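Below is one structure, written out as structure tokens; the observations come after it.
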Amino acid sequence: MKQRVSALLREKFGREVVLEKPKDRSFGHFATPIAFSLAKELRQSPMKIAEELASSFDNHEIFTSVESVKGYLNFRLSENFLSEYAGWALDNQDEFGKQEKSEKILLEFVSANPTGPLHIGHARGAVYGDTLYRLAKHLGYDITAEYYVNDAGNQIDLLGLSIALYARENIFKEDVEYPESYYRGEYLEGLAKGAIQKFGKEIFNDESRYKELALWAKDGVMEIVVESLANLNIHFDTFVNESSLYNDWDRVMDKMDANDKNAIYKKDDKIWIASEAKGDDNDRVVVREDGRPTYLAGDIVYHNQKFEHGYDHYINIWGADHHGYIPRVNAAVEYLGYDSNKLETLLSQMVSLLKDGEPYKMSKRAGNVILMSDIVDEIGPDALRYIFASKKSDTALEFDLSEFKKQDSSNPIFYIQYAHARIKTIISKSDLSEDEIMSASLKNLDENADSLMFDALLLPEIIDDAFASRQVQKLPDYLKALAASLHKFYYDCRIIGTEDEAKLLKLFMLVGLSLRTGLSLMGITAKDYMTKEED
RNA sequence: GCGCUCGUAGCUCAGCUGGAUAGAGCACUGGUUUGCGGUACCAGCGGUCACAUGUUCGAAUCAUGUCGGGCGCACCA
């Protein structure tokens, strides 16, 4: 809708036109301050220019009126245009808001180490990534969701050690001495018991076998991770194991060297990448004195593999504490001969939780972290997804769990669901059949109904904008506002038994379509009725 | 110290490709249809958009600086 108007104006004026939604709907559906920018070039007052422009739109098929007010140009869409568009949307519900973008995108997110269950910070990146993924799919992008499994390095050794320590202390009741860092948490119990069955209990007393133990256990951890993500309706297309990459390292080094003979050099018996020349603060070690590649080496191979698969665009979602890492990866990408502008790294910031105004306590049982699955148990997957999708991902966030447990309008996810349920309920309450409703005309609506219809039809451009700007929160913001419009309309206007019953119900179906489509893009299933929870 | 980032109502946050009186929820105060789920709706209260300077017809939005908070600054991952 907006694209249509915007394209039309671009053609008419021969330039990009800033199109905005007026704060007050009485000004019209869209507005532009173009006259202000033209004023300087034309050396005329903005008011005069706006008036002239407005009158040039006489008898236009899309607009019923184009008015100039204080230098703004306000457009009101014709009811023909709006009602036809609404009718099309209802006839083609699966197509509503879809586009046919053709880019191939690789989206990497979560990528938490396979050493323990996901915590609340991971959940944010997971929800953010999955929402982007759903938006992109809807827009027609060929997008792949990928999880990078860091199944190599120290943390894997630590996993083996941690399981052994857990088993020796808690199962065999030995006195054990804990090192400075190790993993803790309830999940170790299942792994320890599984390991006894698989290997026998001797393995816990043989340090040389801890690696073997860890390599087996990481798959079990990944199962826990994948399952907890599935509970949030999040799924991945591909998993890439870090451990599988290192045998490609020599080839990748040669590739960088071939592209730029200064890319890789030896110093102090170590191999370095000259990342400083590409904007990093320092050069970085990629192979240690003893020949073991660093983590960065793995990531270089991984990104080389990504680019060799030939996507048009790459998106990484990382925890904000990794932001200092961006320049060195970009440097490597360039040394590999690829355009680092195609690699976009988005950050997901920290989360702190409150419950009834007090800081949420980390549980000892979980290992002094807040487990994602505990929060899901507490407020449900829908509320969790809503919270993380509704806040800008790259700024720190604090939220209170209790707000999302309430069963009333103060809880946004409840509020939106209730709007959808209201629509379903009233339609089932009406004596009219679906055919009768669908054949009604959406013309001659009063101002409030027209406004509601317009709001419902905005969904496609919200989707487009939310993905293009990577600002996923625009979608929940919109849904909340649409739900508010619906509730208000419902309150103000009687529907059943009036002569406009059919057309108003059709309007409601349209609103329901937008709500349902929007929710599904957030990985949330719309409810047809609300049940009151007793606790 | 350097880099990134944030600073908007008592609280949690939107708004930031510069544009018409600065928005929402919570909290607080008061109200609502002899009707479709009051699990809703309305109104009031509350802001020098951290501060300063600059650019502009116009700045919460852009630039520079100051102050304050967070994060990062490994051959860990």
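Remember, it's a predicted structure, so these values are computed and weren't measured experimentally. Below, chain A is the first sequence line, B the second, and so on; all start at residue 1.
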Using purine N1 to pyrimidine N3 plus N6-O4 or O6-N4 for Watson-Crick, or N1-O2 and O6-N3 for G-U wobble, each under 3.5 Å, what pairs with B:rC2?
B:rG72
Do A:N241 and A:K218 have a side chain donor and acceptor closer than 3.5 Å?
no
Classify A:K474 by what it touches in the nucleic acid, base, sugar-phosphate, or nothing, heavy-atom distance under 4.0 Å.
nothing
For B:rA22, what is the paired nucleotide under Watson-Crick or G-U wobble rules, both distances under 3.5 Å?
none
Mind checking A:L397 for me? I need base, sugar-phosphate or nothing, with any heavy atom below 4.0 Å counting as a touch.
sugar-phosphate
What's A:A31 touching, base or sugar-phosphate or nothing? Going by heavy atoms closer than 4.0 Å.
base
Across every strand shown, the nucleotide meeting Watson-Crick or G-U wobble geometry with B:rU29 (both distances under 3.5 Å) is B:rA43
Sugar-phosphate, base or nothing in reach of A:S410, heavy atoms under 4.0 Å:
sugar-phosphate
Ring-plane angle category for A:F236 and A:F109, please: parallel below 30°, perpendicular beyond 60°, tilted otherwise.
tilted
What about A:F30 and A:F75, are their ring centers closer than 6.0 Å?
no
In the structure shown, which nucleotide is the Watson-Crick or G-U wobble counterpart of B:rC49, with both distances under 3.5 Å?
none
Measure distances between side-chain N and O atoms of A:H323 and base N and O atoms of B:rG3, and say whether any donor-acceptor pair falls under 3.5 Å.
yes
Which base sits across from B:rG7 as a Watson-Crick or G-U pair, both distances under 3.5 Å?
B:rC67
Please give the nucleotide sitting opposite B:rC16 as a Watson-Crick or G-U wobble pair, both distances under 3.5 Å, or none.
none
Counting only Watson-Crick pairs (N1-N3 plus N6-O4 or O6-N4) and G-U wobbles (N1-O2, O6-N3), all under 3.5 Å, who is the partner of B:rU34?
none
Would you call A:E378-A:K355 a salt bridge at under 4.0 Å N-O?
yes
Across the strands shown, which category fits A:D281 at heavy-atom distances under 4.0 angstrom: base, sugar-phosphate, nothing?
nothing
Measure distances between side-chain N and O atoms of A:N74 and base N and O atoms of B:rA20, and say whether any donor-acceptor pair falls under 3.5 Å.
yes
Base, sugar-phosphate, or nothing for A:Q349, non-hydrogen atoms under 4.0 angstrom?
nothing
Are A:D500 and A:D446 packed together at the side-chain level, in the sense that at least one heavy-atom pair is separated by less than 4.5 angstrom?
no
Closer than 4.0 Å, any side-chain N/O of A:T395 to the OP1 or OP2 of B:rA14?
yes
